[in-house]
Amino acid sequence: MTDYRAKGYWRDRTLGQLLTESARKWPERTALVDGDRRWTYAELDKWADLVAAGLHGNGIGKNDRVIVHLPNIAEFVALSFGLFRVGAVPVYALPQHRTTEIEHLTEVAQPSRYFGSVEDVPGADPVALEGPEPDDVALMLLSGGTTGLPKLIPRTHNDYDYNLRASAELCGLDENTVYLAALPVAHNFALACPGVLGTFHAGGTVVLTTSADPETAFPLIERERVTMTALVPPLALVWLDHGGLTGLKLMQVGGSRLKEEAARRIRPELGCDLQQVYGMAEGLLNFTRLDDPEEDKVTTQGRPMSPDDEIRVVDGELQVKGPYTITTYFDGEHGSFTEDGFYRTGDLVKFVGDNLVVDGRKKDVINRGGDKIPVEEVENLLLGHPQVHDVAIVGVPDAYLGERTCAVVIPHGTAPTRRDLVEHLQALGVADFKLPDRVRIVAEFPRTAVGKVDRKAL
Ligand code: OOB
């Protein structure tokens, strides 16, 4: 077994200490910008202490799980560091999540609190706190890669600190970096690849926005002299088609497959470098490198971040083990891991030279422009509709999103319309991205030899 500590990956620093260290190195530099509100590192560090004390005063302590359901606002950052410092574990819900998703999270995480608005974020006079150990779980991310309901992914202080440090180094971050958090910071990509936390590690400035539309993002990029950001492919397309962006140096794109035609337009039309990122909340991150040949940057999804990421391809599927990849989900599920401890990504990949190209997937997840749709979950919800006898959700190719969803329905009595099904899901409180884009009515499903629905044929 590789000793990740001896090799210097795990440095026994907690995420709470990360901010303390940066505040010591760069007290007067701007750490965070949210609209008209700005915090220096010293101020943000102090705010985190106040929140930690407030949490402690409210009886929230080590290993307590709490659901954090906040958009890209400064309170998200202060609350997260407050939780890291008391050793409580944020479970990051996505801003798009609604009652159905939150109820599911509540069931699996058994949280002691739910933080769904800025008023929930406490503060009190700082007190001495014991704090967590570096091998403790620091936070939980949601899996986008699993078939059924999202699973909780426990990430430790040590593994996540390595994740953000190594990402920051690979992307060349320093105290002059200005990072625009345009994707939800509750997601791994914008949180730590290198994202918000990697920028804080490097002493740069994080600019938050709740809208990634060019109308909002472009003026912000100009005003704050933003140097880098991370987008999903559909957003990159919107930015390309809008045009007129200036000043950005690096655009990371990931979460779903970026089409080569779009990739080729980024440098000439937006004047910035492109970095493809193929990552997963479970750990492994692949990046194209800043000094890779241009051709590799536009045609591949990069290669593993760490020299100790062990990757192998079995029957086309990428499997991985390494210093920041989990070896078990929170619920102890083992099906996603091999006997020798590799995570089965479910992604079908091939090598082009040293770099990977994502070719497809084994698992029943639809990747709608970076938003992952667990097919089974939505099918089960639709089965609750009285006019649905049976249903299969399939992905259909889409020029803009990569793929969209089609609900193929065997009706019970009168065939339901798309509107019927959308209203049914909305009444249950489901994230908008899970609503079927299309509905097709059929008499029966094609079946595989063993009698399972043949999704490919559908
Ligand atoms: C990121 O993380 P998740 O957990 O939401 O989704 C992971 C899955 C991967 O297994 C793969 O199927 C897909 O999303 N994916 C990509 C991709 N990046 C992710 N498929 C094709 N090309 C890419 N560049 O999506 C994520 C986490 C950290 C950084 C970036 C993305």
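Ligands are counted one by one from 1 in listed order, and the atoms in each one are counted from 1 as well.
- With hydrogens and angles disregarded, a donor-acceptor distance shorter than 3.5 Å links the side chain of Asp120 to the backbone of Gly116.
- Between Lys372 and ligand 1, a contact under 3.5 Å exists for at least one N or O pair.
- Contacts between Ala281 and ligand 1, counted as non-hydrogen atom pairs separated by less than 4.0 Å, involve both the backbone and the side chain.
- Side-chain contact check for Asn188 and Tyr92: no donor-acceptor pair (N or O, by modelled atom type) lies under 3.5 Å.
- Using bins of under 30°, 30° to 60° and over 60° for the plane-to-plane angle, the ring pair Tyr41/Trp26 lands in the tilted bin.
- Close contacts of ligand 1 with Asn367, meaning ligand atoms under 4.0 Å from a residue heavy atom, involve 13 (C), 14 (O).
- Legend: residues meeting side-chain contact (heavy atoms from CB on, under 4.5 Å) with Tyr114, ordered by chain and number and at least two apart, are Ile67, His69, Ile102.
- The shortest N or O to N or O distance between Val358 and ligand 1 is not below 3.5 Å.
- On a distance-only criterion, Glu282 and ligand 1 share no N/O pair closer than 3.5 Å.
- Near Arg257, meaning under 4.0 Å from any of its heavy atoms, are these atoms of ligand 1: 20 (N), 21 (C), 22 (N).
- In this structure, Asp331 places its CG atom where more than 12 heavy-atom neighbours from other residues, nucleotides or ligands lie under 6.0 Å away.
- For the pair Asp309 (side chain) and Ser306 (backbone), a donor-acceptor distance under 3.5 Å is present.
- For ligand 1, the atoms sitting less than 4.0 Å from at least one non-hydrogen atom of Lys363 are 10 (O), 12 (O), numbered in the order shown with element in parentheses.
- Residue-ligand proximity, Gln301 to ligand 1, at heavy-atom distances under 4.0 Å covers atoms 22 (N), 24 (N).
- Counting the atoms of ligand 1 from 1 in the order shown, those under 4.0 Å from a heavy atom of Leu285 are 28 (C).
- For ligand 1, the polar-atom distance check against Asp347 finds a nitrogen or oxygen pair separated by under 3.5 Å.
- For ligand 1 and Val277, the ligand atoms under 4.0 Å from any heavy atom of the residue are 18 (N), 23 (C), 24 (N), 29 (C), 30 (C).
- Taking any N or O of Gly370, backbone or side chain, none lies under 3.5 Å from an N or O belonging to ligand 1.
- No donor-acceptor pair under 3.5 Å is formed between the side chain of Lys259 and the backbone N or O of Pro233.
- Under a 4.0 Å heavy-atom criterion, His187 is in contact with ligand 1.
- Between Gly195, Gly255, Ser143, it is Gly255 that holds the heavy atom closest to atom 18 (N) of ligand 1.
- Remark: side-chain polar atoms of Glu282 are not paired, donor with acceptor, to backbone N or O of Ile326 under 3.5 angstrom.
- For the side chain to side chain contact (heavy atoms under 4.5 Å, CB included) with Val207, the qualifying choice from Leu32, Asn72, Val178 is Val178, the only one to do so.
- Applying the side-chain hydrogen bond (donor to acceptor under 3.5 Å, both in side chains) test to pairs two or more places apart or on separate chains, those with a residue in residues 266-279 are Gln252-Gln275, Arg265-Glu269, Arg267-Asp273, Arg267-Glu294, Asp273-Lys297, Gln276-Gln301, Tyr278-Asp347.
- Of the heavy atoms in Arg361, none comes closer than 4.0 Å to ligand 1.
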